[in-house]
Amino acid sequence: MDIKPIDPVGRSFFAGEVSGIDLTRPLSPQEVEAVHAGMDRFGVLVFHGQKIDDEQQLVFSKSLGPLEQATGDIAAPQDRRVSMDLNDISNLDKNNKVLARDDRRRLFGLGNMLWHSDSSFKDVPAKYSLLSARQIPDADGNTEFADMRAAYDALDDKTKAEVRDMICSHSQIFSRGILGFTDFTDDERVKWAPVRQRLVRKHPRTGRLSLYLSSHAGGIEGWPVPEARAFLRDLTEHATQRQFVYAHQWKPADLVMWDNRVTMHRARRYDHTQVRDMRRTTLTNEVSSLEQAP
Ligand code: OGA
Ligand code: MN
């Protein structure tokens, strides 16, 4: 197995391309450690040509750590296409028909187009996400990733000191609200009540600090809401400048894996009448970001 920077000139320490590994069979302990080491270094890893099914994706994902459950989407149990171990990142219903333009599930899913970190709206958020492309549109539909370690490092000292111990509140109600999606049931409002997360967190293996931003962040403890949102917007603008971003152009059978502790990502537009079928497994962070202080 070998990992090389995808863009050795522009971002030599962000986004690695992995070769010499076959995800259809179980990994050796050495390969598992090499994947973790690659994630520590690059934050995003790209595996090409991995024709895997759900079961193989689950075996690979579980060899890296415990999974979280897909409790962040709005599909009713009887409408799900995949088990609760997988997030259905597709535009399909359970009969594999493309969702209507105004389907509630599609509109909710458009929240993925805002820069975010997966499950930051959960008390115990996500560690790694693994997204497998099963069917992709003819064009467009990239996924972009931003390096929150580099974004943190590039802050001036005054801002670093100011943000160091800030606590933000995160909820899917905030992120969907940005797009004008407010059609939540009472149960969803209870389930997605805001949770607390640090704005600066420390990676337990590398010791590096990163900005833990997400579209789900809608407030800063002790701050008036409009001031907090304006500041979070400024930080997000800073953190998503092109020099911090890798844009992944999907090929069939790509699997892309990212560390939600050190990156944000977003989906880009595509022709919504074409099929885009992606499946995501997600490793739990096991603890809150509140326990990962600098
Ligand atoms: C996700 C996600 C982006 C995309 O799977 O968590 O945000 O491009 N996906 O589908
Ligand atoms: Mn996501």
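Order of listing sets the numbers, starting from 1, for every ligand and every atom in it.
A salt bridge links D183 with R104: at least one charged nitrogen is closer than 4.0 Å to a carboxylate oxygen.
The closest approach between any non-hydrogen atom of M278 and ligand 1 is not below 4.0 Å. Taking 4.0 Å as the cut-off, H116 counts as a neighbour of ligand 1 on heavy-atom distance.
Residue D118 has at least one N or O atom closer than 3.5 Å to an N or O atom of ligand 1.
Open room surrounds CZ on R269; 12 or fewer heavy atoms of other groups in view lie less than 6.0 Å from it. Within a 6.0 Å sphere centred on NZ of K191, heavy atoms belonging to other residues, nucleotides or ligands number more than 12.
Residues T273 and V98 are not in side-chain contact: their nearest non-hydrogen atoms beyond the backbone lie 4.5 Å or more apart.
Residue-level check: among N/O/S atoms of H116, NE2 sits closest to the Mn ion (ligand 2).
Taking the six-membered ring for Trp and the full ring otherwise, F181 and F108 have centroids separated by under 6.0 Å. For H265 and W115, the ring centers sit 6.0 Å or farther from each other.
Residue T143 has at least one heavy-atom neighbour below 4.0 Å for each of these atoms of ligand 1: 3 (C), 4 (C), 8 (O). Of all atoms in ligand 1, listed by their number and element, those nearer than 4.0 Å to a heavy atom of N112 are 2 (C), 7 (O). If you number the atoms of ligand 1 from 1 as listed, the ones under 4.0 Å from a heavy atom of L131 come out as 5 (O), 9 (N).
For atom 3 (C) of ligand 1, the closest non-hydrogen atom of the protein is A267 CB, 3.6 Å. Closest to atom 1 (C) of ligand 1, if we only count protein heavy atoms, is R280 NH1, 3.5 Å.
Closest heavy-atom approach to atom 2 (C) of ligand 1 within the set R276, R279, H265, M264: this belongs to H265.
For the pairing with R279, the side-chain hydrogen bond (donor to acceptor under 3.5 Å, both in side chains) check across D88, N87, D54 returns one residue only, D54.
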